[in-house]
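Since the structure comes first, as structure tokens, the remarks are kept for the end.
Both counts, for ligands and for their atoms, begin at 1 and track the order of listing. Count residues from 1 along the sequence. Note: hydrogens, waters and symmetry copies are ignored here, and every other heavy atom, side chains too, is used. All values derive from a computational prediction rather than experimental measurement.
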Amino acid sequence: MFCQVIIDIVHENVASPFTYRIPDGMHLEPGQRVAVPFGRREKEGIVLDLSDSCDIEESRIRDVLKPLEEYPAVPPELMDLARQMAEDVHCPLAETLRLMLPAQMRGGRVRVKTERTAKLAVSPEEAFASADREKRSRKRADLLRILSDGEVHTVKELAEQVRDPNEALKKLSGDGLVILSDEETLRTPGTNFAQPSDPGFTLTPGQEEALEEILPCLRGKGGRFLLHGVTGSGKTEVFMAAVRNVLTLGKSAIILVPEIALTPQMVAWFRGRFGPVAAVIHSRLSPGERFDEWRRIRRGDARVVIGARSAVFSPARNLGLIVVDEEHEGTYLSDHHPRYDAREIANSRCERENATLILASATPSVLSFARARRGDYMLLEMPRRVQDRPLPEVEIVDMREELENGNRTVLSMALRKALKETAAQGGQAMLLMNRRGYNSFVSCRSCGYVVKCPNCDISMTYHMASEDGLLRCHYCGHAMKPPAACPECGGKYIRYFGAGTQKVEEEVAKLLPGVPAIRMDYDTTSGKDGHGKILEEFRSGRARILIGTQMIAKGLDFPRVTLVGVVAADMTLNLPDYRSRERTFQLLTQVAGRAGRGEQPGKVIIQTYKPEDPVIGFAAAQDYRSFFEDEFTRRRRGLYPPFTLLARFLTESVSEEAAAAAADRLEQETRRLVDSHPAWGRKLLLISNDTPGVKVLRGKNRRHVLMKMLVGREADEMIAAMTELARGEFENTEVWFEVNPTTMM
Ligand code: ADP
Ligand code: ZN
């Protein structure tokens, strides 16, 4: 027997499979990991196909050394998916196969953890008899009596009752009275959240209707849904009911959440409801925990997988359902190579495995909603909150007026008053500030000079929490002292400008002394369970005010929050990106939706310098439809996605000339290609060769060639051709090709 093996090396020259002989007595299956000789070394690889003949001269074929596990680490469905992805994004199969396995598994960096156990080899009666005869050793007699309950005991546990039991156990095992063995144990990550039990809700009519559409698909060959439910409409309960059905059918489910901040809450809910059948996968688990959760899933012991985007590749057995919660979030697009969109992968997995897909959001992405309108997804709407709780009352505050009235602080008079009232009534409040750090950047009040990172062309950030008083770059970590005078004009009024979460925290402490507040942003959530701890602090009521960045706006359910304040709504509105309106709408709607989720009605205050912008109004009214129509029209007029595709080549090099030369060459080659395909030329609307918003990043000079094309077959062909172009050799330069990239900067 022979097998084709993909070697775990990402390089053009080893992209195709190599043939090996399977020695007699060894059994292999496709998807199994193997050790093989490769050149003069031993390498890991994955078996692709088996065959009983081969067209290479037999004497040149070498033997597989050994299987690395007894089971195929990559099940057949995921083998197919990896093949498809490699074809779609034009990258080596070894690269997409890596997505299907926990990284720690490669190179044998994690091992199965075992624990020594003991149990009786004889009947309890015999054990008792032996114990009574055992005159020489008290220890051995005691051990026999403990073990006579017939259970398997770990040696660790026995050691708590009998000091140093090892020698005695060995003797007992030698006498044939006890069996010692090493049993696998699993490192199962815990959760800081209390695990609520099933509240036994009666479903709302909206939830019932949604389920009625979903259930037949779960039993049958699957379906695609976009669940659009306003904040607080009870979407999670719909997932839970669907998952319960999936489990009854003997299938499994994957629940994707946009980021790890949301996993503890979700995991607690699912564990509370379904017990250990729920597994969790995310990047902050220890390597051992990650590997063990993966194995529980692979073996079918865990049938509900909860995790961030990479969990879409979990080896769930007999997949019945994938839920993508908060589907509008940008975090579903990966930013590493090979780049993928977890929503698209979920879609193709469901199609392949006859499973059901549910994309859910209170603010669906324009692309997904447009697809639902076209009939690609079935649209399920839940326009009302559970128990007909009212949507929060939203007040828009014009910050220009505040300034005119002499209020120079970051909190408007209205927000101050509301905070005081909330505190007096014992309620909880959330304040959103979509920027991190204290007094974000340093600028000169006389000439406007802004201190930027010399490596990255991005403003440096001043952190009050760091005691060194240095400015830092969030991209490359470069640190420097703030200048005493402006390097441009020599002016002395070079100051920290703008406000961040720390500034808000300080203002709140001044306004409400003694009221416990907690801050959640990138700086306070590092560490293994930073998110979970902060959120639990707030959930328990120990903290009364939660101040944070975007992180706090999403999905979290805190019933006691009655006030939400948005400190500066326009921060995201003016970014140079066609999606900034969509992002602002989503952010405002989501954060407003955090208020009034419990018995008490909620109030929201949005502070802005641009109250007349329709996006602010749509968000205040939680009016998704009007926002969508407005945005869809804008996109059609401006020829933006979904009417077009945006693509770009991005070149990065330490040498400015090299980056520019690569961009120029890519532009010319693209133009030549398009000239030779007249049909393409009609669909390519724009090609521009330019410096992106961020000119220098991590010490590399950047250029990009931006292209806009009408969607359709020609665009797909062009993208395939451009992907090839980007794979060429470029002197001293890295080249990326991106389609609808998350950022144009
Ligand atoms: P969404 O994700 O749609 O914003 P959630 O799923 O977080 O909303 O639900 C909002 C709140 O309503 C939660 O506290 C949840 O426990 C509660 N809830 C959900 N369904 C019901 C129901 N049928 N009856 C009563 N309360 C419900
Ligand atoms: Zn930098």
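Between the side chains of Arg343 and Tyr332, no donor-acceptor pair is found at a separation under 3.5 Å.
Looking at Thr231 next to ligand 1, no N or O pair under 3.5 Å apart turns up. Close N/O approach between Gly232 and ligand 1 is found [any backbone or side-chain N/O within under 3.5 Å]. The shortest N or O to N or O distance between Thr202 and ligand 1 is below 3.5 Å. Note: no N/O pair closer than 3.5 Å links Val386 and ligand 1 by distance alone.
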### Message
Run the side-chain contact (heavy atoms from CB on, under 4.5 Å) test on Arg544 and Leu512 for me, step by step, so that the C-alpha distance in whole Å, both residues' side-chain angles and the decisive distance to 0.1 Å come before the verdict.
### Response
CA-CA 11 Å; Arg544 300 270 295 284; Leu512 303 169; over 6 Å; no
### CA sep, side-chain torsions, deciding dist, call: Phe632, Phe643, side-chain contact (heavy atoms from CB on, under 4.5 Å)
CA-CA 9 Å; Phe632 205 62; Phe643 301 96; 3.5 Å; yes
#### Entry: Verdict with reasoning, Arg384 to Glu209, per salt bridge (charged side-chain N to carboxylate O under 4.0 Å, His left out)
CA-CA 13 Å; Arg384 263 181 286 283; Glu209 278 165 37; over 6 Å; no
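Using a 30° and 60° split on the angle between ring planes, His228 and Phe369 fall in the perpendicular class, above 60°.
Scanning for salt bridge (charged side-chain N to carboxylate O under 4.0 Å, His left out) contacts around Arg219 gives an empty result, with sequence neighbours left out.
Within the listing of ligand 1, atoms 23 (N) sit less than 4.0 angstrom from a heavy atom of Thr204. Applying the 4.0 Å criterion to heavy atoms of Glu237 picks out, from ligand 1, the atoms 20 (N). Residue contact check: Thr236 has heavy atoms under 4.0 Å from atoms 2 (O), 5 (P), 6 (O), 7 (O) of ligand 1. Here is the list of ligand 1 atoms found below 4.0 Å of a heavy atom in Val230: 3 (O).
Contacts with ligand 1 closer than 4.0 Å are made by side-chain heavy atoms of Gln387 only, the backbone lying farther away. Heavy atoms of Gln207 found under 4.0 angstrom from ligand 1 belong exclusively to the side chain.
The closest approach between Asp325 and ligand 1 stays at or above 4.0 Å for every heavy atom of the residue. For Gly229, the closest heavy-atom approach to ligand 1 does not fall below 4.0 Å. The closest approach between Ser233 and ligand 1 falls below 4.0 Å for a heavy atom of the residue.
Considering every non-hydrogen atom in both Pro364 and Glu582, the closest pair reads O-OE2, 4.4 Å.
A salt bridge does not link Arg416 to Glu402: none of the charged side-chain nitrogens sits closer than 4.0 Å to a carboxylate oxygen.
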When the side chains of residues 559-567 are checked against the rest of the protein, which donor-acceptor pairs come out under 3.5 Å, sequence neighbours left out?
unit_1: Arg560; atom_1: NH2; unit_2: Arg539; atom_2: O; d: 2.8

